[in-house]
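Have a look at the structure below, then the notes.
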Amino acid sequence: MQALKNTLRPFLSSNFTGILVQRAGIKIFPPPEKVKDVEFPERNKLRIMEKVPQYPPSLRPFKMQKRLRLMRGPEPVHNTLLHKQFGIIALGGGRLKYGHFEMIRMTLLRNFEFDDMFAIWRVDPPWQPITKKPQGSRMGGGKGPIDHYVTPVKPDRVIIEVGGNIKFFQVKKVLQDIANKCPFKAMAISQEILDKRAEIQRRNEENNLNPWTWKYIIQNNIGGCHKWISPVDKLWFAKYL
């Protein structure tokens, strides 16, 4: 007991102005900082997406071609974070099914309490019809019936956005787990990561000393590359598949 009093005597004195450090298992942590200027949406949880789009009763559900161009090239619109906090961004093109939407929604509901945070969708519900013929059917007979609906996604498209009174380290693991389960390459990002990626890309383009870039080669038809490259490469210069 006397040894404990001798240990605590400097802290119990009236003229002590130091900071209490860890002693005999006592841990003092600073209170978490509140995130300022956070704008919450009207609905803070992800809504349930429709599995099948709702058409008018008099309209027959239409069929569609593959339209792979909907998954190629950069995303021109939804490539930034509206709330400037966190989210998941696609690194390649692909299609989201209804099961992927439910996986994202239920994973967030099981891991977070939405008292001081929110999550919003940045993609549309499944709308593109995918047809499939029954197994064992013969060739011919026209296009098969509609099997399911998907949402095509381009590279750099923001899938979901998360924010509120939270830090990135609190949501990074869950967001990365969701990104690993997506049918295309994706990653968990924050506004700082997006800014850093844009800065690195700009710096690489400015400091590039090699004049033989893909853009220069394709625009000048070096080596007759127009005979064997894809028409998509003439638009995006071998950057997007």
Taking the side chain as every heavy atom from C-beta outward, state whether [X] and [Y] have any pair of such atoms under 4.5 Å apart.
{"X": "Q128", "Y": "T151", "answer": "no"}
{"X": "L91", "Y": "M187", "answer": "yes"}
{"X": "N111", "Y": "T107", "answer": "yes"}
{"X": "V52", "Y": "Y149", "answer": "yes"}
{"X": "W121", "Y": "L46", "answer": "yes"}
{"X": "V232", "Y": "K234", "answer": "no"}
{"X": "F168", "Y": "I193", "answer": "yes"}
{"X": "F101", "Y": "M106", "answer": "no"}

- prompt: Run the side-chain contact (heavy atoms from CB on, under 4.5 Å) check on R95 and M71 step by step: do they pass?
  reply: CA-CA 8 Å; R95 290 169 172 167; M71 299 180 289; 3.5 Å; yes

Report whether [X] and [Y] are members of the same hydrophobic cluster (ILVMFWY, side-chain heavy atoms less than 4.5 Å apart, transitive linking).
{"X": "L59", "Y": "I146", "answer": "yes"}
{"X": "L82", "Y": "V158", "answer": "no"}
{"X": "I217", "Y": "F237", "answer": "no"}
{"X": "F118", "Y": "I159", "answer": "no"}
{"X": "F112", "Y": "M103", "answer": "yes"}

For a quick test of reading the model, state the closest non-hydrogen atom pair linking [X] to [Y] and the distance between them.
{"X": "K154", "Y": "L70", "answer": "CG-O, 3.2 Å"}
{"X": "V123", "Y": "M49", "answer": "O-CE, 3.6 Å"}
{"X": "A188", "Y": "L175", "answer": "CB-CB, 3.6 Å"}
{"X": "P155", "Y": "G73", "answer": "CD-O, 3.1 Å"}

Distance in Å, [X] [atom1] paired with [Y] [atom2], rounded so as to fall on 0.5 Å steps:
{"X": "K215", "Y": "D233", "atom1": "NZ", "atom2": "CG", "result": "14.5 Å"}
{"X": "K97", "Y": "I130", "atom1": "NZ", "atom2": "CD1", "result": "9.0 Å"}
{"X": "R60", "Y": "S58", "atom1": "CZ", "atom2": "OG", "result": "13.5 Å"}
{"X": "S190", "Y": "F86", "atom1": "OG", "atom2": "CZ", "result": "6.5 Å"}
{"X": "I189", "Y": "D156", "atom1": "CD1", "atom2": "CG", "result": "10.5 Å"}
{"X": "R202", "Y": "I200", "atom1": "CZ", "atom2": "CD1", "result": "11.0 Å"}

Would you check if the side chain of [X] reaches a backbone N or O of [Y] as a donor-acceptor pair within less than 3.5 Å?
{"X": "H83", "Y": "E39", "value": "yes"}
{"X": "K133", "Y": "G142", "value": "yes"}
{"X": "E50", "Y": "P125", "value": "no"}
{"X": "R157", "Y": "P152", "value": "no"}
{"X": "N44", "Y": "F114", "value": "yes"}
{"X": "Q65", "Y": "R67", "value": "no"}
{"X": "N221", "Y": "H226", "value": "yes"}
{"X": "E206", "Y": "R203", "value": "no"}

[X] [atom1]: over 12 foreign heavy atoms closer than 6.0 Å:
{"X": "W214", "atom1": "CH2", "value": "no"}
{"X": "K227", "atom1": "NZ", "value": "no"}
{"X": "E113", "atom1": "CD", "value": "no"}
{"X": "K84", "atom1": "NZ", "value": "yes"}

field: Close aromatic pair by centroid cut-off 6.0 Å: Y55 and F62
entry: yes

Less than 3.5 Å apart, which donor and acceptor atoms pair up between the side chains of residues 177-185 and the rest of the protein, not counting sequence neighbours?
from	atom 1	to	atom 2	distance (Å)
D177	OD2	K173	NZ	3.3
N180	OD1	Q176	NE2	3.2
N180	ND2	Q176	O	3.2

Identified side-chain contact (heavy atoms from CB on, under 4.5 Å) counterpart of I89 within the set I160, T80, L81, L194: L194

- prompt: Taking T131 as the fixed residue, which of K66, K63, M64 is the one that meets the side-chain contact (heavy atoms from CB on, under 4.5 Å) rule?
  reply: K63

field: Ion pair check, E199 and K196, cut-off under 4.0 Å
entry: no

message: I'd like to know if R105 pairs up with E102 as an ion pair, taking the criterion as any Lys NZ or Arg NE/NH1/NH2 lying under 4.0 Å from an Asp or Glu carboxylate oxygen.
response: yes

- request: Check the side chains of N210 and Y216 for a donor-acceptor pair under 3.5 angstrom, ignoring hydrogens and angles.
  value: no

field: With E161, the side-chain hydrogen bond (donor to acceptor under 3.5 Å, both in side chains) member among R122, Q85, H78
entry: R122

- request: Using the side-chain contact (heavy atoms from CB on, under 4.5 Å) rule, take I166 and V171 through it: C-alpha gap first, then chi angles, then the decisive distance, then the call.
  value: CA-CA 8 Å; I166 52 175; V171 298; 3.5 Å; yes

